[in-house]
Number of protein chains: 2
Amino acid sequence: MAKSPSRTPVWKSITITLTDDIAQGRYDTGTKLPAEAQLAERFGVNRHTVRRALADMAQQGLVHARRGAGVFVAAKPTDYPVGKRIRFHQNIRRAGRAPSKKVLRLEVLAADGREADALDLEPGAPVVVYEGLSYADDHPVALARTVFPADRLPGIMEALEAHESITAALKACGVEDYTRRETRITAKLATATQALHLRTSEGAPILRTTGISDDLQGVPIEFGRTWFAGDRVTLTVGDD
Amino acid sequence: MAKSPSRTPVWKSITITLTDDIAQGRYDTGTKLPAEAQLAERFGVNRHTVRRALADMAQQGLVHARRGAGVFVAAKPTDYPVGKRIRFHQNIRRAGRAPSKKVLRLEVLAADGREADALDLEPGAPVVVYEGLSYADDHPVALARTVFPADRLPGIMEALEAHESITAALKACGVEDYTRRETRITAKLATATQALHLRTSEGAPILRTTGISDDLQGVPIEFGRTWFAGDRVTLTVGDD
DNA sequence: ATGTAGTATTTGTCTAGTTGTATAGGACAT
DNA sequence: ATGTCCTATACAACTAGACAAATACTACAT
């Protein structure tokens, strides 16, 4: 007897294959996928199993089904440029999609060791902790936890609440421009809460970026981590 | 049977009985056995005891179970010649069996790098992707994924749909003859979907051939991979 | 050309049946 | 004591078939 029968459900492997087909551009945005019955033939499974896979993809916002018409590709995995100038709203808009954000947490705390180190502060200095979700076309793309030096950016808390983008909030605090000093990227597995926010499953692959941004004088003004749903986002590095 | 302590386990006697039933032709190859629950009732044992017997028979390659569908009597081994002239229908017919094929997928897509390289095309040029199952006496023998250059073979898509064999379809597109430039053979483990198509189990050994065919002028007209159920197919090389 | 009716196609939903897996426990031989 | 054989129960994963509902397509009358 073979040792491991079906460790991964069949429907999941179908999800992976179809998601890859879309990511590779074999099915473009807006085009119709083959009918469920045809996909069932192609994969050698019952139609219901294909439906299970498509339902999973629909929940992630990758496809959208219309009864009687077909299943259509809703969105290609988002290309997200990582470089010196990271501006979420600009990036998403450039991809022809509607950016928005939701504040999950906003409070003033004392900086811990690593935060103080990254932001060049005394340990225990007040920092504004922002946690939020970023959306593209109402689909969650990124979960971010960002720390700002409170004393260096008076009014940042109110600005973050009022303005739609972080760039706009920083500008309201007198930061005309800012650039990324460095960005580190690693792969993680989604925790339960991360999965909930990013509308993926616990244990799904996650891209985590860690970065520090400076203002034009080279003074650090932001230290944060961002988590991306790995199967829906492609980080691109290089051209900037 | 009084209270004599049976030296042979119950499950083994079930194996013997069922194996004999198959050998006697009471269950033909490809047909479904009664459900495990019914067999359990017939033998007056628990379902798990029947499963133990069926697992033993499955390991011997006598039967094959499909979750949700049933347990089926496995097909007999097939010899499959590999050489310069590979013609599935001819090969199968020569073995005294009835060939047929089923189209699983037929789409026009953009060629990826390897496909373009193999077919001597520009990357992104249109290719017809064909995926199909080949049968001998209604038993799946091979799972094929073949890529044809769309521009070089006008009408190939309709021809593949209409004609019973690939050779016939190519002839309809003006390809009188074609030969294998090279064939590579490796062993793989069956993925879930491959196993479903070939009626074997995930993780079972699979023979994979990769090949390119040229027309009489030496122009590549086909690049494809074919998967065979390793325990049911013997590839033969040499005489041609 | 245009609207309409009919047909075929496609997704949504439901019910039922089958195998795969996990857990728990009793009987029995070595 | 330990492992094998068998029973019992429950649930997950998948198949199978049928029908409803929404849409797309085609032929036809005007």
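First the proteins, then the strands, lettered A, B, ... as listed; each starts at 1.
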Gap between atoms [atom1] and [atom2], on [X] and [N] respectively (whole Å):
X      : N      : atom1 : atom2 : result
A:R52  : C:dT11 : CZ    : P     : 18 Å
A:F72  : C:dT11 : CZ    : P     : 9 Å
B:L39  : D:dT7  : CG    : P     : 14 Å
A:L54  : C:dT11 : CG    : C1'   : 10 Å
B:E202 : D:dA13 : CD    : C1'   : 13 Å
A:R51  : C:dC14 : CZ    : P     : 11 Å
B:D56  : D:dC5  : CG    : C1'   : 14 Å
B:E41  : C:dG17 : CD    : C1'   : 15 Å

Which of these nucleotides, [options], is closest to any side-chain atom of [X]?
X     : options                : value
B:A35 : C:dT11, C:dT18, D:dT15 : C:dT18
B:E36 : C:dT11, D:dC14, C:dG20 : C:dG20
B:Q38 : D:dT7, C:dT18, C:dT11  : C:dT18
B:A65 : C:dT19, D:dC14, C:dT11 : C:dT19
A:W11 : D:dC14, D:dT23, C:dT19 : D:dC14

> On DNA chain D, nearest-nucleotide positions of B:V45 versus A:R67: which is more 5'?
Replying inline: B:V45
>> Return whichever of B:A69 or B:N46 has its heavy-atom-nearest nucleotide of DNA chain D closer to the 5' end.
In response: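 Its nucleotide being nearer the 5' end, the pick is B:N46.
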>> Could you check whether B:E202 pairs with B:R67 (Lys NZ or Arg NE/NH1/NH2 to Asp/Glu carboxylate O, under 4.0 Å)?
In response: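 Result for this pair is no, no salt bridge flagged.
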> Taking atom CG of A:L207 and atom CG of A:L235, what is their separation to the nearest 0.5 Å?
Replying inline: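 Interatomic distance, A:L207 CG to A:L235 CG, rounded to 0.5 Å: 5.0 Å.
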>> Could you check whether any side-chain heavy atom of B:P99 comes within less than 4.5 Å of a side-chain heavy atom of B:Y135, counting everything from C-beta outward?
In response: no
>> Taking salt bridge (Lys or Arg N to Asp or Glu O under 4.0 Å) as the definition, give me every residue that meets it alongside B:R184, ordered by chain and number, with sequence neighbours left out.
In response: B:E182
Can you see if the side chain of [X] gets near the phosphate of [N] - specifically, an N or O under 4.0 Å from OP1 or OP2?
X     : N      : answer
A:R66 : D:dA24 : yes
A:R47 : D:dA16 : no
A:T49 : D:dA13 : no

> In terms of the nearest nucleotide of DNA chain C, which residue is placed more toward the 5' end: B:H48 or B:G70?
Replying inline: B:G70
> For B:W11, is the NZ or CZ atom of B:R52 found under 6.0 angstrom from the centre of its six-membered ring and inside 45 degrees of the ring axis?
Replying inline: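 Yes - B:R52 lies over the ring of B:W11, closer than 6.0 Å to its centre and within 45° of its axis.
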